There are 2 protein chains.
Amino acid sequence: MSYITDQILESLREARARKGFSQRELSARSGVPQSHISKIESGGVDLRISSLIALARVLDLELFVAPKKSVPAIKSIIRSAQGHDEDGEQSAPAYSLDGDADE
Amino acid sequence: MSYITDQILESLREARARKGFSQRELSARSGVPQSHISKIESGGVDLRISSLIALARVLDLELFVAPKKSVPAIKSIIRSAQGHDEDGEQSAPAYSLDGDADE
DNA sequence: AAGAATGATATATTTTAACATATCAAAATA
DNA sequence: TATTTTGATATGTTAAAATATATCATTCTT
């Protein structure tokens, strides 16, 4: 029901969200049309490697092939590398030092 | 000069060699035509995910996307998981106990 | 040396990703 | 509330992957 792997699909969606990109912005940066990104993220397309790599690059992701037996170790690494809300989403700090100094 | 990543390309070629499959045998097992496998392995094709996954499955490989920053750690894992001639290539043992016992 | 197996290459056809573009309903923001 | 932004969806076109099939030179086998 989806040409692409769940791991890849989720990583794409999550990385875009993390970076705070809209599909249109990702489109502008990667060169892949927004309409196509939508199809890709919904898993309904058997996309080409070049498309996947183009998206991955803007999202600071890299594509791999690994022996099945090393998969658990790799997934564990990936989890620890991003799992603990690695920020991205440049947001205002929880508090800052300006505004009318009061309180 | 090659749509696909070097890491992927090498892994495909190396995994097939390790398993001792000819392109024709890999073709039979994966459903991907031999002529196409040849093109893929030479890097001259922007192949679709489904083709890559089909080949990977037969070769006991898995496709991934990982954050760029975790790439070095992952590559190190991959190296240690296969690097030290992981055999495959079921070959005759270096010596065996039969034949006319002499020498 | 003869025969089989291998990887590369070629041609013609079918299938489909990728594209440009536009629209839509829902969600976010003004 | 009015406006913008967002993701999903639709249509028609183009480019290219994928297929089936066959051939060829080279490398293993026998």
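Note on naming: letters A, B, ... go to the chains in the order of the sequence lines (proteins, then strands), and numbering restarts at 1 for each one. It should be emphasised that the depicted structure is a prediction, and the values quoted were computed from it without experimental measurement. Heavy atoms only: backbone and side chains are in, while hydrogens, waters and symmetry mates are out.
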4.5 Å side-chain heavy-atom contact, [X] and [Y]:
X      : Y      : result
L63(A) : L63(B) : yes
I37(B) : L12(B) : no
F64(A) : V71(B) : yes

Test of understanding: with side-chain contact (heavy atoms from CB on, under 4.5 Å), list the residues that count as partners of [X], not counting sequence neighbours.
X      : answer
S38(B) : Q23(B), Q34(B)
A15(B) : L59(B), L61(B)
S70(B) : I77(A), A81(A), A66(B), P67(B), I74(B)
S35(B) : P33(B)

**Report entry** Summary of salt bridge (charged side-chain N to carboxylate O under 4.0 Å, His left out) pairs that have at least one residue in residues 24-45 of chain B, sequence neighbours excluded
**Finding:**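 The answer is R16(B)-E41(B), E25(B)-R29(B).
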Query raised in the report: What pairs of residues pass the salt bridge (charged side-chain N to carboxylate O under 4.0 Å, His left out) test when at least one of them lies in residues 4-15 of chain B, not counting sequence neighbours?
Result: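 Counting only pairs at least two positions apart or across chains, the salt bridge (charged side-chain N to carboxylate O under 4.0 Å, His left out) contacts touching residues 4-15 of chain B are E14(B)-R18(B).
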Query - Nucleotide range of DNA chain C lying under 4.0 Å from chain A heavy atoms - result: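 It runs dA17(C) to dT23(C).
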Query - Any residue of residues 30-41 of chain B with a heavy atom less than 4.0 Å from an atom of DNA chain C - result: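 By residue number: Q34(B), S35(B), S38(B).
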Query raised in the report: What pairs of residues pass the side-chain hydrogen bond (donor to acceptor under 3.5 Å, both in side chains) test when at least one of them lies in residues 49-66 of chain B, not counting sequence neighbours?
Result: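 Every pair satisfying side-chain hydrogen bond (donor to acceptor under 3.5 Å, both in side chains) with a residue in residues 49-66 of chain B: D46(A)-S50(B), K19(B)-D60(B).
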Query raised in the report: Pick the nucleotide of DNA chain C nearest each of R48(B) and F21(B); which residue has the one closer to the 5' end?
Result: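 The residue whose closest nucleotide sits nearer the 5' end is F21(B).
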Report task. Please list, chain by chain and in numerical order, all residues satisfying side chain to side chain donor-acceptor pair (under 3.5 Å) with S27(A), sequence neighbours excluded. Result ->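 Partners of S27(A) under the side chain to side chain donor-acceptor pair (under 3.5 Å) test: none.
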Query raised in the report: How many angstroms lie between CG in L52(B) and CG in L52(A), if you round to the nearest 0.5 Å?
Result: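 That separation rounds to 9.5 Å.
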Requested in this report: For S11(B) and Q7(B), indicate whether the former's side chain and the latter's backbone hold a donor-acceptor pair under 3.5 Å.
Outcome: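 Looks like yes, one N/O pair under 3.5 Å.
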Requested in this report: Name the nucleic acid region contacted by R13(B), choosing base, sugar-phosphate or nothing; use a 4.0 angstrom heavy-atom cut-off, strictly under.
Outcome: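 Result for R13(B) = nothing.
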Report task. Provide the start and end nucleotides, 5' to 3', of the part of DNA chain D that has atoms under 4.0 Å from heavy atoms of chain B. Result ->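 So the contact region on DNA chain D extends dA17(D) to dT23(D).
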Report task. Using five base pairs at each end, measure the axis-to-axis angle across the helix from dA4(C)-dT27(D) to dA30(C)-dT1(D) and round it to 10 degrees. Result ->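 Its terminal axes enclose an angle near 50°.
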